[in-house]
Structure formats: C-alpha cells, structure tokens
**Student:** 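The following block contains the structure, expressed as structure tokens.
Each chain gets a letter, A, B and so on, in the order the sequences are listed, and its residues count up from 1.
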2 protein chains.
Amino acid sequence: MQLTTRTRYALRALVYLGQRYGRGAVQLREIAKKEGISEKYLEQIFYRLRRASIVKTKKGPGGGYELGDNPATIKLIDILSAVGESLAPVFCVADNKTARCPRSKNCPARPYWEKLKEVIEEFFNNHTLADIGKNAKKKG
Amino acid sequence: MQLTTRTRYALRALVYLGQRYGRGAVQLREIAKKEGISEKYLEQIFYRLRRASIVKTKKGPGGGYELGDNPATIKLIDILSAVGESLAPVFCVADNKTARCPRSKNCPARPYWEKLKEVIEEFFNNHTLADIGKNAKKKG
DNA sequence: ATAATAGTCTACTGAAAAAGTAGGATATTG
DNA sequence: CAATATCCTACTTTTTCAGTAGACTATTAT
C-alpha cells in the first residue's frame, strides 16, 4: 500500500515550485539538486506533469518549470493521476479495468475495495498542493 | 497503493473457512483447490495466520485449519497485520520505522501521510471477516 | 509400532514492477 | 548559430513480490 517514489518526488518538487509560484520558471537542475533527486529521473517525472498541465515550461536559456496554476487550486489527486499512481487497493477496481478479474461477479470483497478506493480518493481530492506547502519552511 | 496477493489470498481463504465455521477443520488442499491458489503458497500464508492466531490447526490425518474465532470478531486489520501488509502510504509513517527518513523532521507532507494512514487503518479496523463473508454465496 | 497424513518452517528461485540511466531531438535565447 | 534547457523513447538495474522446494514434526488409524 505504498506510494511510489515517483509520486513522492513529484510532490516534493511541486511544493518547491509552489514556494516560488509567480516568480518565473525554475530550472529542473536546481530542483533536483535542492531536493536530492536524480536530475534524469525528475526530468521524466516532469514530463508527465507537463502533459497533465500541472506545470508549464519554457525551453531554452533562462527556461524551466513553473506551476500551471495557483497551488491552492492544484488537487493532490490530479498530481497523482499525472504521474500514474493508482489509488485502487486491488487491480479489479482500478480505473483501467483491462485485467478483469474472472471472479469479480461474485467477489464478496469487491464492494469493500470500491469503498476503500473512494475513501482514499476522497483524501487526495480534498487536499491541495497549498495544504502541504503551508507546512513547508519557506526558504528563498 | 495495491494490496499484495498474499493479503487477497488470505482473505479469500478465510472467507472460505468462515463459511464453514463451527464445522471442524478444513484441509489446506481443499481451500487451495477451490480457490485456485497454489497449495504451497497458501501454506506459507496460513503459517502466518496461525502464528497470529487467526486460524488454529490440527495436524495429522483428518486435520486442517479452522478459524480461531467467530468471523464476526475477526477484524480485517488483524488479518492484514498477520500477513505483513503495511497500511502506511509512505515508509516513514510505517509502524516499523527502521528506515527513518532524514527529512522527516521538516517534511511538510508527513502530517498528511499520518492522516491518510489513519483513514486506511480505520477502514480495516471497522470491518470484520463476517462483513465480507455475508456477501459470499454459501455453497456447501 | 508404524505408515500415512497434514501441517511447520526455512531457504531458495523466478517474475514483475519500480527506480534510475542514456542519449539524441527540439525549441529558445542572446 | 552556439549554448542552454526541456522533450521523449528506450534501456538497464534494483528491489519486491510471487511462487517453489524440501526436509521436519505431530497425529491418526491400523
């Protein structure tokens, strides 16, 4: 029941950007360095964040990343979705139900998994990047 | 955020035993066969369940497993604990905090992880084996 | 007694997923 | 047009999960 490092790194990086919201683009290199995350790995993560419009970018010299919106309006669930984190406790209640369980019709546990999934989703739906950010020490 | 097959198999097997509660021991072979789970793997799972007193056993011919208590009194959280499923969304809020995060002191996300963990634990604490069992078709 | 049965326990192996790396392509600035 | 910084795909390594193997112990029925 653990979140992947991709998700955790994404959140850390985004909190970092949140602290600098409205002050222009920040280079990936800086974030990676300050947060102690592999630059290449973080690059990959930001690729997903950008496709989901969580961040917007500017290429070339002086370029970098910045939040696509105010931290207070960015829900955690959208970040998790962007990096591909599934919140389903079992695959059979995942959004992409490609691998359908043959037992699902008679599965006595299924309603509970659905419920648990809702509870978890609700959690991430009710918190924003700003919520986390306000606990962070502002530095720089 | 997925539960392991160990957990799911354990639940399925225990629901099976729950349907036969009070009617003597059931052989592992039978459960494995009916549930389509590897006998050896299930054996390993029951080893943990027994150590946690979720099930009790009888060795030798005519032996087998049966629930250690009434299904209605067996909380899901105890089953999950028995098979070693962690409900912590990140390792730093796990019960065994062996691998301590160096950032944990200033981690802005941590209070949220603690909260999420509580929510998930609450879920499994508030449901019993009987809850799941009552959705199961009784057969035999 | 003892042979057959059924669970006990540890260690190992294979498979899958997660974590991280590599490198060329593309766009932008000065 | 050269330097910079992101874009994108594919690959490798590491870790965890899933499953297997096999020798051991207790119990029952004969």
**Student:** To the nearest Å, give me how far apart CZ (Arg8(A)) and C1' (dG20(C)) are.
**Tutor:** 14 Å
**Student:** For Glu43(B) and for Gly62(A), find the nucleotide of DNA chain D with the closest heavy atom, then tell me which residue's nucleotide is more 5'.
**Tutor:**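 The residue mapped nearer the 5' terminus is Gly62(A).
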**Student:** Any idea which of dA3(D), dA18(C), dT27(D) is nearest the Thr4(A) side chain?
**Tutor:** dA18(C)
**Student:** Arg6(A) has an atom CZ; how far is it from atom P of dT21(C), in whole Å?
**Tutor:**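 In whole Å, dT21(C) P lies 15 Å from Arg6(A) CZ.
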**Student:** Rounded to the nearest Å, what distance is computed from the NZ atom of residue Lys59(A) to the P atom of nucleotide dA2(D)?
**Tutor:** 19 Å
**Student:** If you measure from the Lys or Arg side-chain nitrogens to the Asp or Glu carboxylate oxygens, is any gap between Lys117(A) and Asp95(A) under 4.0 Å?
**Tutor:**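 So Lys117(A) pairs with Asp95(A) through a salt bridge.
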**Student:** Shortest non-hydrogen contact from Leu49(A) to Ala82(A)?
**Tutor:**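 Closest approach of Leu49(A) to Ala82(A): CD2-CB, 4.1 Å.
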**Student:** Rounding to an integer number of Å, can you tell me how far Lys58(A) NZ sits from dT29(C) P?
**Tutor:**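 Rounded to the whole Å, the gap is 5 Å.
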**Student:** Please confirm whether the shortest side-chain N or O distance from Tyr41(B) to OP1 or OP2 of dA21(D) is below 4.0 Å.
**Tutor:** no
**Student:** Quick one: is dG20(C) close enough that its OP1 or OP2 comes under 4.0 Å of any side-chain N or O from Tyr9(A)?
**Tutor:**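 Yes.
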**Student:** Expressed in angstrom and rounded to an integer, what is the separation of Glu30(A) atom CD from dT6(D) atom P?
**Tutor:** 11 Å
**Student:** Of all the heavy-atom pairs spanning Leu42(B) and Ala13(B), show the shortest one and how long it is.
**Tutor:** CD1-CB, 4.1 Å
**Student:** Looking at Arg6(A) and Val83(A), would you say the former's side chain and the latter's main chain have a donor-acceptor pair under 3.5 Å?
**Tutor:** yes
**Student:** Would you kindly give the CZ-to-P distance between Arg51(A) and dC7(D), to the nearest whole Å?
**Tutor:** 11 Å
**Student:** Of all the choices, dA18(D), dT20(D), dT10(C), which nucleotide is nearest to the side chain of Lys40(B) once you look at every atom?
**Tutor:**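 For the Lys40(B) side chain, the nearest candidate turns out to be dT20(D).
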**Student:** Round to the nearest Å and state the distance from Glu39(A) atom CD to dA19(C) atom C1'.
**Tutor:**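 Rounding to the nearest Å, CD of Glu39(A) and C1' of dA19(C) are 17 Å apart.
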**Student:** Which pair of heavy atoms, one from Arg20(A) and one from Val26(A), lies closest together, and at what distance?
**Tutor:**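 For Arg20(A) versus Val26(A), the nearest heavy atoms are CD-CG2, 4.0 Å.
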**Student:** Choose from dC7(D), dG20(C), dT20(D) the nucleotide whose nearest atom is closest to any side-chain atom of Tyr47(A).
**Tutor:**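 That would be dC7(D).
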**Student:** In whole angstroms, how far is the C1' atom of dG23(C) from the CD atom of Gln44(A)?
**Tutor:**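 Distance check: Gln44(A) CD to dG23(C) C1' gives 13 Å.
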**Student:** If you assign each of Arg29(B) and Thr5(A) to its closest nucleotide in DNA chain C, which residue comes earlier from the 5' end?
**Tutor:** Arg29(B)
**Student:** Once you apply a heavy-atom cut-off of 4.0 Å, does Tyr65(A) come out as touching a base, just sugar-phosphate, or nothing?
**Tutor:**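 Result for Tyr65(A) = sugar-phosphate.
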**Student:** Just to confirm, is there a sub-4.0 Å distance from OP1 or OP2 of dA19(C) to any side-chain nitrogen or oxygen of Ser38(A)?
**Tutor:**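 Result: no.
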